[in-house]
Peer 1: 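The structure's right below; bear with me while I get my questions together.
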Amino acid sequence: MRMRKMMRINNDSISKTNNDAETIFEDFFNLSPDLLCISGFDGYFIKINPAVCKLLEYTEEELLAKPINSFVFQDDKNSTTNARNSIKDQNHLINFENRYITKSGRTVWLLWTSIPVENKQHIFAIAKNITYKKQLEDERNQHLAKLNHSVEEYKQLTYAAAHDLRSPVNNLISIFDLLEIDKVIDTESIEYLNITKDIINGLKNSLNDYITVLNDKIQNSSPVEEISFQESLDEVLFSISSFISNSDTTINVDFSVLSQIVFNKTYLKSIFLNLITNSIKYAKVGMFPVISIYTQIHEGKKQLIISDNGIGFDMENVENKIFGLHQKFNNNSDSNGIGLYLVYNHITNLGGQIAVDSELDNGATFTITFRD
């Protein structure tokens, strides 16, 4: 009897512990400000917390009654379906962004992390509302576009003004060279002609000095130094280590041919960052990203090569637009058309060149040629 009583007490304790754990879980699930949900492999919600209902403005019954994609922004439906299929293949989904439409018609941005549970045909997911962050990014991009446009206009104006003024000045000097001042008899006229010639020469020198100052300012705004490819790359890889790890990306590096370059360090890190993250974001579905980074010397030119096995580009359609501001070539919701524009400007501002070799669904290779 005593043994049986002790067993009953132990069973009661275990039952109470389980009930307490379930209560704690329910409290966590219901009180979390983040969006927590459990969905089925069939594309329907199974369980959602109140934060989902509050943000999307639907009741729990309304959200459970329709396929998840019916609440997704039209342009993001295909990418969301592809992401869900990838999860069903036992791939964890990290930092996936898409848009939902609320009941009142507002568009909200969500950042998802999802894990499959195959034996139950369930997907556990958590999302954060990043709408405000996206709005800030849009404002930043608009300001960046206006700023770049203003800078380019200023540069064009100053150079045009300097060169336009220098041309007639040079013409005047040529005219004076043709004049045979020694044949002029009037001494006062000779004096005026010499004064005028000196003024024009002074104007020419001032214009040349002005152009030199402009060139120096542009160079000083992008200071160059001898930098290590490996050190710059290591700083970038450390900053995005989680992104690389979560995507199972393989990066092959070989700087044995050329280990250092005279360039702007901030620019080089930005080039690495944008091209590497693009290679990861635009990887082919069901294939882990593989990125190769190496240097070479081709026909006496120092080059940096960055290639991947991603979705690539249809070069016949995008070749002349690939480095344009806000140019997008796929439906990826994370694409903003800024990265390649920045890469191009970093390289060309310092006298370099960049070329792309790519085919659709067959990766892309970026060849950066540095100025001597």
Side-chain angles (χ1 to χ4, degrees), residues 25-26 28-117 121-142 240 242-247 277-278 280-283 285 326 328 330-339:
F25 170 77
E26 286 296 325
F28 166 76
F29 193 86
N30 292 325
L31 297 176
S32 173
D34 289 330
L35 284 66
L36 304 178
C37 67
I38 302 172
S39 64
F41 280 12
D42 60 357
Y44 282 79
F45 287 121
I46 296 173
K47 183 178 178 64
I48 56 176
N49 71 340
V52 179
C53 300
K54 182 178 180 181
L55 179 65
L56 299 183
E57 303 169 356
Y58 289 97
T59 65
E60 183 176 356
E61 291 75 17
E62 289 173 322
L63 289 169
L64 298 183
K66 295 182 179 180
I68 296 173
N69 254 23
S70 62
F71 305 103
V72 175
F73 186 75
Q74 181 63 40
D75 292 348
D76 294 348
K77 289 183 184 293
N78 287 338
S79 61
T80 302
T81 298
N82 292 336
R84 186 178 299 112
N85 290 336
S86 178
I87 298 173
K88 289 160 63 176
D89 292 334
Q90 299 307 296
N91 295 314
H92 290 193
L93 187 67
I94 308 294
N95 296 330
F96 174 73
E97 296 180 1
N98 66 355
R99 289 163 289 184
Y100 277 66
I101 301 297
T102 68
K103 193 170 186 176
S104 62
R106 293 184 302 111
T107 301
V108 293
W109 279 92
L110 299 179
L111 178 69
W112 292 92
T113 297
S114 304
I115 300 173
V117 183
Q121 300 283 286
H122 288 173
I123 298 172
F124 290 174
I126 181 170
K128 292 182 178 295
N129 181 5
I130 58 170
T131 305
Y132 179 65
K133 172 175 170 284
K134 285 294 184 179
Q135 291 171 344
L136 290 179
E137 287 181 358
D138 287 341
E139 291 177 7
R140 181 203 66 182
N141 292 338
Q142 290 174 12
I240 57 173
S242 296
F243 188 36
I244 294 171
S245 176
N246 291 334
S247 59
T277 53
N278 275 2
I280 297 174
K281 287 190 293 186
Y282 305 124
V285 176
H326 293 311
K328 299 182 182 182
N330 55 68
N331 295 323
N332 192 317
S333 60
D334 196 31
S335 176
N336 54 34
I338 295 291

Peer 1: Kindly give the heavy-atom pair with the smallest separation between Tyr44 and Ala65, and that separation in Å.
Peer 2: CE2-O, 3.6 Å
Peer 1: Would you name the heavy atoms of Asn49 and Phe29 that are closest together and state the gap between them?
Peer 2: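 Looking at all heavy atoms of both residues, the closest pair is CB-O, 2.9 Å.
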Peer 1: Any side-chain heavy atom of Val52 sitting closer than 4.5 Å to one from Leu36?
Peer 2: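 No - every pair of side-chain heavy atoms lies 4.5 Å or more apart.
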Peer 1: Look at atom NZ of Lys54 and say whether more than 12 heavy atoms of other residues, nucleotides or ligands are closer to it than 6.0 Å.
Peer 2: no
Peer 1: Are Lys88 and Asn85 close enough that some pair of their side-chain heavy atoms sits under 4.5 Å apart?
Peer 2: yes
Peer 1: Give, for atom CZ of Arg99 and atom CD of Gln74, the distance between the pair rounded to the nearest 0.5 Å.
Peer 2: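 Output value for this atom pair is 10.5 Å.
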Peer 1: Quick one: are Lys47 and Ser39 in side-chain contact, heavy atoms under 4.5 Å?
Peer 2: no
Peer 1: So with a 6.0 Å cut-off around NZ of Lys77, is the heavy-atom count from everything else above 12?
Peer 2: yes
Peer 1: Hey, is the main chain of Asp76 close enough, under 3.5 Å, to the side chain of Ser79 for a donor-acceptor pair?
Peer 2: yes
Peer 1: Which atoms form the tightest heavy-atom contact between Trp112 and Asn98, and what is the distance?
Peer 2: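 The answer is NE1-OD1, 3.0 Å.
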Peer 1: How many angstroms lie between CG in Asp42 and CZ in Arg84, if you round to the nearest 0.5 Å?
Peer 2: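 Here the rounded value is 9.0 Å.
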Peer 1: Quick check: do Lys128 and Lys133 have side-chain heavy atoms less than 4.5 Å from each other?
Peer 2: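 No, their side chains stay 4.5 Å or more apart.
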Peer 1: Just how far is it from atom CG of Leu35 to atom SG of Cys53, taken to the nearest 0.5 Å?
Peer 2: 9.0 Å
Peer 1: Could you state the interatomic distance from CG (Asn246) to CD1 (Ile240), rounded to the nearest 0.5 Å?
Peer 2: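 Going from the CG atom of Asn246 to the CD1 atom of Ile240 covers 11.5 Å.
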Peer 1: Does any N or O in the side chain of Thr131 come within less than 3.5 Å of the main-chain N or O of Trp109, such that one atom is a donor and the other an acceptor?
Peer 2: yes
Peer 1: Which atom pair, heavy atoms only, marks the closest approach of Ser247 to Ile280?
Peer 2: OG-CG2, 3.5 Å
Peer 1: Would you give the length of the straight line joining atom CD1 of Ile123 to atom CD1 of Ile68, rounded to the nearest 0.5 angstrom?
Peer 2: 7.0 Å
Peer 1: Would you say the side chains of Ser32 and Asp34 form a donor-acceptor pair under 3.5 Å?
Peer 2: no
Peer 1: For the CG atom of Asn129 and the CG atom of Leu110, what is their distance to the nearest 0.5 Å?
Peer 2: 6.0 Å
Peer 1: Is there a donor in the side chain of Thr81 and an acceptor in the side chain of Asn69, or the other way round, less than 3.5 Å apart?
Peer 2: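 Result is yes, a qualifying pair exists.
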Peer 1: Are Thr80 and Phe96 close enough that some pair of their side-chain heavy atoms sits under 4.5 Å apart?
Peer 2: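 Counting from C-beta outward, Thr80 and Phe96 do come under 4.5 Å.
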Peer 1: Can you spot which of Leu93, Asn91, Ile126 makes a side-chain contact (heavy atoms from CB on, under 4.5 Å) with Ser114?
Peer 2: Leu93
Peer 1: Considering all heavy atoms of both residues, which atom of Lys103 and which atom of Glu57 are nearest to each other, and what is their separation?
Peer 2: CD-O, 3.3 Å
Peer 1: Closest approach of Phe71 and Glu62, non-hydrogen atoms and distance?
Peer 2: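 That closest heavy-atom pairing would be CZ-O, 3.6 Å.
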Peer 1: Please lay out, stage by stage, how Leu64 and Ile46 fare under the test side-chain contact (heavy atoms from CB on, under 4.5 Å).
Peer 2: CA-CA 6 Å; Leu64 298 183; Ile46 296 173; 5.8 Å; no
